[in-house]
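One structure is given here, and the rest of the page talks about it.
Everything numeric in this text was worked out from a predicted model, so none of it was measured.
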Amino acid sequence: MAVTDVSDPRYYHKVVDCQWACPAHTNVPGYLRLIAQGRYDDSYLLNRESNVFPGILGRTCDRPCEPACRRGRVEDTPVAICRLKRVAADHRGDISDRLPKAPLIKNGKRVALVGAGPSALTVANDLLPLGYDVTIYEKNVQPGGLMRVNIPAFRLPAQVLDEECGYIIDMGATVKYGTTVESLSSLLGEGYDAVYVGSGAPKGKELDIPGRWDAPDQVHIGIEWLANIHFKHSETIEPRVIIIGVGNTAMDCCRTAKRVGAKDVKVIARRGRKHFKASPWELEDAEEEHVEIIENHAPKRFVVEHGKLVGMEFERLQWTTDATGRETSTVLETRLIPCDTVILAIGQDNAFPFIERDIGMAFDAKGMPVVDKTTHQSTRPEVFFGGDAAWGPQNIIWAVAHGHAAAISIDAHCQGRSVSERPPVGMTLVSAKVGMHSWAYENDYDASKRSKMQHEDLTKRFSGIGVEVELGFTAEQAATEVQRCLNCDIQTHFTAPLCIECDACVDVCPTNCLTITTNSSPIDELRTRLSAPALNLAQEIFVSPALPQTKRVMVKDEDVCLHCGLCAERCPTAAWDMRTFDLKLAYAGLIDGQVTR
């Protein structure tokens with residue numbers, strides 16, 4: 001087994017599971033510790049370096065960090081990372097003087113952004129401080145894209161959107177509101193040095209089964225219906241509503257329906273709950289509001305009588321799994337569910353009616369532009385894509401990650417460099433020792449259980465569509481929850497030449513994640529003969545250089561380490577040290593770690 005190269009930032013980055021799982025790689029342990037110190041401004045700004053919408057995503061993020069959280073491997077529930085992000089956002093002061101600024105003298109390059117959604121705004125956030133002249137074309141009269149139009153205000157208040165979109169736009173972007181781009185060819189003809197397409201996936205999927213078009217006014221496409229509610233084009237709905245689909249858009253539709261007049265709301269799913277795309281907390285919130293979720297029902301037809309929709313017919317299914325794991329369904333019965341309105345929330349597609357097919361840009365068989373996964377560049381060199389417009393619907397934090405990556409490419413393209421030349425990722429690693437027996441972080445294990453988000457009571461939340469349901473953590477909850485973080489960015493750093501093989505660290509480790517052994521076998525075999533076999537292959541193991549005394553090696557299973565620091569406290573020679581890891585991410589304008597302008 002080769003010696004682990006801990007000089008490669010990737011190794012320690014992967015140990016910080018939450019940060020590794022986040023598409024934008026936000027420094028989660030870092031901003032949680034700042035919350036614990038009451039430094040909300042600093043926490044917000046640290047988060048914002050990679051995630052430009054901490055307040056928005058503190059309410060709406062799909063939270064890929066939380067399933068990865070090490071705390072979830074120690075007990076049942078991870079740290080409430082998303083909700084703590086909101087704590088910093090809600091309690092920050094005026095941070096405007098600490099935000100990036102655009103220089104007075106521009107660099108002479110003009111960039112057009114199609115759409116003012118999360119990915120395009122991230123591009124603007126990264127390019128404006130470099131002196132770019134950024135123009136955003138937005139079809140609506142306010143920025144935010146799907147964050148504003150498709151996420152209901154009871155989950156994401158307009159004030160939060162206004163503030164965080166404003167931080168970016170106020171740097172000096174020109175926004176042409178109420179302007180739909182009708183022709184990419186014409187836009188390119190205006191002489192922009194680069195164009196970024198962040199127009200999202202604005203086309204809801206249809207359900208073309210019998211009866212679909214017999215009462216069209218009573219059947220809605222989910223994202224279009226949510227937009228109509230947002231713009232007040234529609235303000236009421238009939239009493240009995242069926243939602244088809246069980247993703248997060250479906251959850252927004254059913255909860256919105258309850259607020260605009262529906263009394264009986266049912267969400268219908270073709271498969272069982274383990275297949276649902278909606279986040280578990282979205283499902284819980286919907287059911288708390290008395291939305292009924294019906295599983296294993298496949299739509300068969302819309303039932304229309306005398307030109308009026310009166311219900312939907314479903315096939316009730318039973319799913320069985322064969323020896324190969326393949327699931328097949330059997331129809332048990334046909335069931336009629338009465339309703340007055342049906343909302344289809346079964347997915348979204350991209351639509352590019354404004355892109356001519358003869359302007360030198362390649363599209364694939366599905367009608368999607370051919371876009372490089374790393375550079376976000378299309379086959380027309382000055383045109384870049386990101387967010388849902390690039391490869392279909394994902395989520396907001398992915399859109400932010402796309403924006404950062406595309407901004408690097410746009411900067412390189414405009415400055416005449418290869419877009420394949422990516423600025424390097426770096427790290428700093430500094431000892432956390434601040435005395436003979438103390439660390440610059442709290443390393444005692446806190447056995448507190450995950451804090452539960454407080455909700456507005458049902459009566460008040462239904463009094464208006466803008467009444468925010470989640471009230472945020474109390475000060476006591478926030479103080480407790482931040483202490484549940486295991487500080488995975490405080491790394492256990494081992495210096496082999498200092499080790500005297502006394503086994504003190506092995507003896508004191510509460511999880512048996514340390515082993516001193518011979519290094520003469522492949523990694524898979526080595527994993528099986530550690531003090532506690534390292535069977536989680538998704539997590540790496542550390543293998544030291546040969547130790548001075550016996551030429552054996554120190555092996556550490558990163559999967560189960562609690563980062564408690566006992567090994568470093570017990571070590572008589574300081575071979576083990578706890579070191580603060582700070583990942584240095586790459587952004588536009590950085591080449592070889594230096595700002596180019």
Residues which pass side-chain contact (heavy atoms from CB on, under 4.5 Å) with [X], listed by chain and number, not counting sequence neighbours:
X      : answer
Arg301 : Pro210, Val303, Glu313
Thr236 : none
Leu332 : Arg316, Gln318

Please name all residues satisfying side chain to side chain donor-acceptor pair (under 3.5 Å) with [X], sequence neighbours left out, ordered by chain then number.
X      : value
Glu295 : none
Ser329 : none
Asp524 : none
Asp285 : none

Side-chain donor-acceptor pairs of residues 368-378 under 3.5 Å, sequence neighbours excluded:
unit_1	atom_1	unit_2	atom_2	d
Asp372	OD1	Thr374	N	2.9
Asp372	OD1	Thr375	N	2.8
Asp372	OD1	Thr375	OG1	3.2
Thr375	OG1	Gln377	N	3.2
His376	ND1	Phe385	O	2.9
Gln377	NE2	Pro381	O	2.8
Ser378	OG	Arg380	N	3.1
Ser378	OG	Arg380	O	2.9
Ser378	OG	Val383	O	2.9

*Using the salt bridge (Lys or Arg N to Asp or Glu O under 4.0 Å) rule, collect all pairs that involve residues 202-230, keeping only residues at least two apart or in two chains.*
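Passing the test, one end in residues 202-230: Lys205-Asp349, Glu206-Arg212.
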For residues 261-271, tabulate all N or O donor-acceptor pairs below 3.5 Å that involve a side-chain atom, not counting sequence neighbours.
unit_1	atom_1	unit_2	atom_2	d
Asp264	OD1	Lys266	NZ	2.9
Asp264	OD2	Lys266	NZ	3.0
Arg271	NH2	His275	NE2	3.4
Arg271	NH2	Glu327	OE1	2.4

_Between Lys14 and Glu558, does any NZ, NE, NH1 or NH2 come within less than 4.0 Å of an OD or OE carboxylate oxygen?_
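Looking at Lys14 together with Glu558, the answer is no, because their closest N to O distance does not fall below 4.0 Å.
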In a table with atom names and distances, give each donor-acceptor pair under 3.5 Å that connects a side chain of residues 350-357 to protein atoms at least two apart or in another chain.
unit_1	atom_1	unit_2	atom_2	d
Asn350	ND2	Gly200	O	3.3
Asn350	ND2	Asp388	O	2.7
Glu356	OE1	Ser185	N	3.1
Glu356	OE2	Ser183	OG	2.4
Arg357	NH1	Phe352	O	3.3
Arg357	NH1	Ile355	O	2.5

*Examine distances only and state if a side-chain atom of His220 and a backbone atom of Ile343 form a donor-acceptor pair shorter than 3.5 Å.*
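Side chain of His220 to backbone of Ile343, a donor-acceptor pair under 3.5 Å: no, none is there.
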*Would you say the side-chain atoms of Arg484 pair up with the backbone N or O of Thr480, donor to acceptor, closer than 3.5 Å?*
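The answer is no, because no donor-acceptor pair under 3.5 Å joins these two groups.
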Contacts table for residues 144-159: side-chain donor-acceptor under 3.5 angstrom, sequence neighbours left out:
unit_1	atom_1	unit_2	atom_2	d
Arg148	NE	Pro143	O	2.6
Arg148	NH1	Asp162	OD1	3.2
Arg148	NH2	Pro143	O	3.2
Arg148	NH2	Asp162	OD1	2.8
Asn150	ND2	Ile223	O	3.0
Arg155	NE	Asp252	OD1	2.9
Arg155	NH1	Glu282	OE2	2.9
Arg155	NH2	Asp252	OD1	3.2
Arg155	NH2	Asp252	OD2	3.1
Gln159	NE2	Glu163	OE2	3.3

